[in-house]
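Only one structure is covered here, and it is reproduced in the block below.
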Amino acid sequence: MSNIKDVTIIGGGPAGLYASFYAGLRGLSVRIIEYNQQLGGKLNLYPEKIVWDIGAMPAKPAAYIMEDLIKQGMTFYPEVKLNEKVLNIKKCTDHFEVETNATTYLSRTVILAIGSGIINPVKLEIKDAERFEINNLHYVVRSLQRFKGKRVLISGGGNTAVDWARDIAPYAASVHIICRKEDFKGHEEMVRKLDDLRVVKLTNQWIESFNAEDDYITSAIIKRSDHSTHTLDVDEVIINHGFHMDSELLDKSDIQLNRIDNFYVAGNADGSTNIEGVYAIGDILKHDAKVNLIAGCFHDAAIAINKIKSYLDPEAESYGIVSSHNPVFEEKNKIIKDTIMHHE
């Protein structure tokens with residue numbers, strides 16, 4: 001069979017990228033299929049958000065982490081297919097057929113690294129709100145500088161909305177964050193820090209409508225739980241009400257995976273699923289020991305790749321050689337050491 005890969009990774013976010021690197025480390029051929037036009041997954045949604053929770057990596061913007069992850073994921077030259085949507089996965093006798101909107105690929109194993117599915121932000125349910133998206137209604141924060149000196153309203157109570165409020169506050173003239181519920185769901189310490197940054201927190205309230213001039217929002221009509229309203233003058237409005245979880249692939253695929261909450265893949269701690277040869281890693285995977293951190297997806301990827309190596313080659317070592325002893329890196333290590341010595 002021509003161009004069959006040992007592993008086809010569906011999803012080019014942090015989990016898929018690290019799986020690509022580790023698979024190459026173990027001598028496996030890799031293909032990555034990504035629906036979007038760029039790799040990086042959800043990191044593309046908040047490039048300036050500071051990420052703190054990756055071991056041995058100082059806090060830095062998501063864009064820099066994404067750049068490093070992509071560079072690492074390309075170390076062993078995987079085949080990368082962008083702008084392709086996987087429509088079906090079919091299990092054959094000794095391989096899988098992965099069908100996309102463009103063609104069908106052959107693979108000995110498949111890794112699902114699809115996060116929460118195709119990224120579609122939940123839109124604000126206000127009539128004709130989409131007409132403001134070209135100007136000052138946002139579902140993604142791509143640049144903090146845009147909000148310099150502006151009056152900003154953020155709608156959402158989760159971690160991302162709270163993080164955006166924290167990061168934008170030093171730039172903006174004012175920041176209000178509004179939550180329909182009584183309390184914010186974001187991490188307690190991050191919510192507390194909003195007070196230090198003079199972010200105004202509005203709970204039990206929501207956006208009812210906008211006033212606008214020339215498709216540009218000038219103020220928001222805010223409704224309280226007691227049905228009273230007030231008007232807030234704004235320059236920019238950011239909405240973070242979550243994302244639609246596109247489960248079409250899992251729902252309609254020829255292979256039928258065990259699921260949790262009608263979406264997540266019910267798998268094991270080693271990434272294996274009820275379909276032999278199909279593995280899940282990152283946010284799409286659920287099991288009792290699951291850690292939902294970006295650092296956790298790296299762990300998922302390494303363990304799943306080790307299981308795949310054993311599945312494809314029962315005589316292979318169960319685990320990969322640590323990088324300091326791996327002959328694959330001998331030349332690369334020499335270059336890095338020479339560079340360090342040159343700078344000392």
When you look at Glu79 and Val30, which way does the side chain to side chain contact (heavy atoms under 4.5 Å, CB included) test go after all the steps? CA-CA 6 Å; Glu79 178 183 295; Val30 176; over 6 Å; no

Would you say CG of Asp261 has more than 12 non-hydrogen atoms from neighbouring residues, nucleotides or ligands within 6.0 angstrom? no

Near Tyr216 OH, under 6.0 Å, is it more than 12 heavy atoms from other residues, nucleotides or ligands? yes

Is the shortest side-chain heavy-atom distance between Phe184 and Met190 below 4.5 Å? no

Identify the two heavy atoms, one from Ser116 and one from Lys42, that lie closest to each other, and give their separation to 0.1 Å. OG-NZ, 3.5 Å

Going through the checks in order, is the side chain to side chain contact (heavy atoms under 4.5 Å, CB included) test met by Ile32 and Met74? CA-CA 10 Å; Ile32 301 173; Met74 299 300 105; 4.0 Å; yes

Does Asp196 come within less than 4.0 Å of Lys193, counting only side-chain N to carboxylate O? no

Distance flag, aromatic centroids of Phe147 and Tyr171, threshold under 6.0 Å: no

Decide if atom NZ of Lys286 counts as having more than 12 heavy atoms of other residues, nucleotides or ligands within a radius under 6.0 Å. yes

Can you establish whether the number of heavy atoms outside Gln38 located under 6.0 Å from its atom CD is more than 12? yes

Can you confirm whether Tyr64 is buried at OH, in the sense that more than 12 heavy atoms of other residues, nucleotides or ligands lie under 6.0 Å from that atom? no

Least distance between heavy atoms, Glu34 atom then Gly12 atom: OE1-N, 2.7 Å

Is there a donor-acceptor contact under 3.5 Å linking the side chains of Gln205 and His230? yes

Side chain to side chain contact (heavy atoms under 4.5 Å, CB included) between Leu257 and Asn274, worked out: CA-CA 6 Å; Leu257 294 160; Asn274 61 298; 3.8 Å; yes

Regarding Asp195 and Lys201, does a basic nitrogen lie under 4.0 Å from an acidic carboxylate oxygen? yes

